[in-house]
Engineer: 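One structure, as C-alpha cells, below. Some questions next.
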Amino acid sequence: MTLPRLAINLGKIEHNTRTLVTRLARSGISVMGVTKAVLGDPEIASALLGSGISGLGDSHIENIERMRRAGIQSEITLIRTPMLSQIDRVVRHADVSFNTELDVIAALSSAAKKANRMHGIVLMVELGDLREGIMPDDILKTVEATLGLPNIIFQGIGANLACLSGISPGDANMGALSELADSIDAKFGPITDIVSGGNSANIEWALSGADTGRINNLRLGEAILFGREALYRQPIDGLHQDAITLVAEVIEAKTKPSLPWGVIAQNAFGEIKQSSDSGPTSRAIAAIGRQDIDPAGISPPPGFKIIGTSSDHLVLDVGSDNVCVGDEITFQIDYSAFLRAMTSPFVGQVMESQANDVYSKQ
Ligand SMILES: *Cc1c(COP(=O)(O)O)cnc(C)c1O
C-alpha cells in the first residue's frame with residue numbers, strides 16, 4: 001500500500017457526521033458538510049451526503065468542480081467570496097456563494113443571466129473576528145441592492161468567527177446575527193431562510209442549551225473529520241478523534257548516542273538545538289517531513305517520541321520498541337498537519353470503510 005498515506009476511515013466519518021447532525025437538529029440547526037480540507041474528495045463528500053447533512057460547502061471552486069465531475073448533484077455552496085476572475089465557473093458549478101462585495105454579486109448576476117441560471121447569495125456579516133464580512137450597519141442596504149439584481153436569490157446571512165482573531169461564538173454575537181435576520185425580515189418580508197452561525201468553533205455554544213435564536217445552520221469540517229471543537233480542540237463526546245491517521249515507513253533504525261557531536265550551529269530551519277545526554281537511544285527515521293506535514297500536529301504511538309523533523313526525515317526515539325526498516329508507524333494527526341498532508345504530492349490517501357469500535361452514545 002502507498003506510503004506515506006493518510007488512512008481515512010469513512011465509517012468513522014459517517015458516525016461523526018450522523019451524531020453531530022442528530023444533536024444539532026434538536027436545536028433546529030442543520031449541518032453543511034465542509035469539504036475543503038479533503039480537497040472536495042468525492043468519496044468523502046458522498047459519505048457526508050449519506051449521513052444527513054443539508055448540503056456541501058467548499059472554499060475552492062476547483063474542489064466544487066471536482067465533485068461535479070464525479071457526478072455529485074446535491075446543493076454545493078462556495079463558502080469563500082468568489083474571485084471576480086472565476087465568476088463564470090462559480091455560477092456554473094456552485095448553487096450558492098457566500099458574499100461580502102456588491103461588485104461581486106453584480107458580476108454573479110450578469111453571469112447567471114447570461115448562463116440562464118439562478119444563483120443563491122448568503123451575505124456574510126462581520127461580527128468581530130475581522131476576517132470576512134459586511135459591517136452590520138451596512139447589511140440592510142446590501143440586502144436591498146441584492147434583491148434588485150436579476151437571476152440572484154437572496155438566501156440569508158452568515159458569520160464566521162474564531163478563524164483570524166480567535167473570537168468565540170456566544171450569546172452576544174450569535175444574538176446579534178439573529179437580530180439582523182429579524183431586521184431584514186421586518187423590512188423586506190420573510191426572506192432570510194439561512195442563518196449560518198459559523199464553523200466547528202460554534203459546536204459548544206450550539207449544544208450548550210443556549211437559546212440559538214434564528215441560527216439554523218452550521219458549516220462543519222474539523223468537527224466531522226477530527227471529532228473536536230475548534231476553540232480549545234477538545235474532543236466532542238461520543239465522536240471518533242482517529243477517523244484519519246497518518247502512516248509512514250521506517251527507512252533507518254539504529255541505536256545512536258543522544259548527544260550530537262561537532263560544533264553546533266543552526267539546523268535546516270534556523271533553529272539551534274539543545275540536547276541532553278541520556279545515553280544511547282533507539283532511533284528510527286520515518287520517510288516523511290515538513291514538506292508533507294506540520295510536525296507540531298502529529299503524535300507518535302505511545303512510548304515513541306519525536307526527536308526532530310527536517311524537510312523529508314522524521315526522527316523518532318522509539319524507546320524500548322523493536323522497530324525495523326520497512327515497518328509502518330501510525331501517527332495521530334491534527335487538522336493543520338492534515339491540511340498540509342492533503343496538499344503534499346508525496347502523501348497518498350487510502351479509504352477504509354468499516355467503523356471500528358463505534359460509539360453509540362448520542
Ligand atoms: C473552513 C470554513 C468552515 C469550516 O470550518 P471548520 O472549523 O473546519 O468546521 C466554515 N465556514 C467557512 C467560511 C470556512 O472558511
Side-chain angles (χ1 to χ4, degrees), residues 13 16-17 19-21 23-24 29-41 44-45 48 51 53-64 75-83 90 94 96-101 104 120-134 155-169 173-174 177 194-207 215-236 239 241 243-244 297 333-343:
I13 290 174
N16 286 357
T17 311
T19 307
L20 288 165
V21 165
R23 288 183 192 167
L24 288 164
I29 294 176
S30 67
V31 174
M32 180 190 290
V34 175
T35 50
K36 67 189 185 201
V38 298
L39 310 183
D41 183 283
I44 297 175
L48 302 183
S51 307
I53 59 164
S54 64
L56 293 164
D58 203 292
S59 52
H60 287 88
I61 191 64
E62 294 81 356
N63 295 341
I64 293 176
E75 181 170 287
I76 308 185
T77 300
L78 180 67
I79 60 173
R80 184 174 70 182
T81 184
M83 293 187 215
V90 173
V96 181
S97 57
F98 284 5
N99 283 271
T100 62
E101 293 286 351
V104 175
I121 299 288
V122 170
L123 294 178
M124 294 300 276
V125 183
E126 177 59 70
L127 290 181
D129 197 52
L130 297 179
R131 197 179 76 175
E132 79 275 40
I134 299 162
Q155 296 206 317
I157 56 176
N160 196 65
L161 293 170
C163 265
L164 194 69
S165 313
I167 299 300
S168 306
N173 42 36
M174 289 297 106
L177 194 63
I194 298 171
V195 184
S196 187
N199 52 44
S200 296
N202 285 60
I203 300 261
E204 215 189 346
W205 172 80
L207 296 178
I215 311 299
N216 61 11
N217 175 263
L218 291 181
R219 313 170 302 271
L220 303 181
E222 184 170 359
I224 287 175
L225 298 173
F226 290 91
R228 290 178 190 272
E229 54 79 35
L231 283 179
Y232 300 101
R233 301 267 143 38
Q234 291 305 303
I236 301 169
L239 263 57
Q241 281 76 50
I244 301 171
I333 184 168
D334 76 7
Y335 188 70
S336 89
F338 176 66
L339 283 182
R340 200 178 302 175
M342 278 301 293
T343 50

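Counting starts at 1 for both ligands and their atoms, in listed order.
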Engineer: Does E229 use its side chain to pair, donor to acceptor, with the backbone of Q234 at less than 3.5 Å?
Structural biologist: yes

Engineer: Students should find this: residues with any non-hydrogen atom under 4.0 Å from ligand 1. What is the answer?
Structural biologist: V34, K36, I79, R131, E132, N160, N199, S200, R219, L220, G221, E222, Y335

Engineer: How would you list all residue pairs meeting salt bridge (Lys or Arg N to Asp or Glu O under 4.0 Å) that involve residues 218-227, not counting sequence neighbours?
Structural biologist: E222-R233

Engineer: Okay, side chain of N216, backbone of V195: is any donor-acceptor separation there less than 3.5 Å?
Structural biologist: yes

Engineer: Taking atom CD as the centre, does E101 end up with more than 12 heavy-atom neighbours from other residues, nucleotides or ligands that are less than 6.0 angstrom away?
Structural biologist: no

Engineer: Answer yes if the side chains of N160 and N199 hold a donor-acceptor pair under 3.5 Å, and no otherwise.
Structural biologist: yes

Engineer: Where is the tightest heavy-atom contact between I224 and L48, given as atom of each residue plus distance?
Structural biologist: CG2-CD2, 3.7 Å

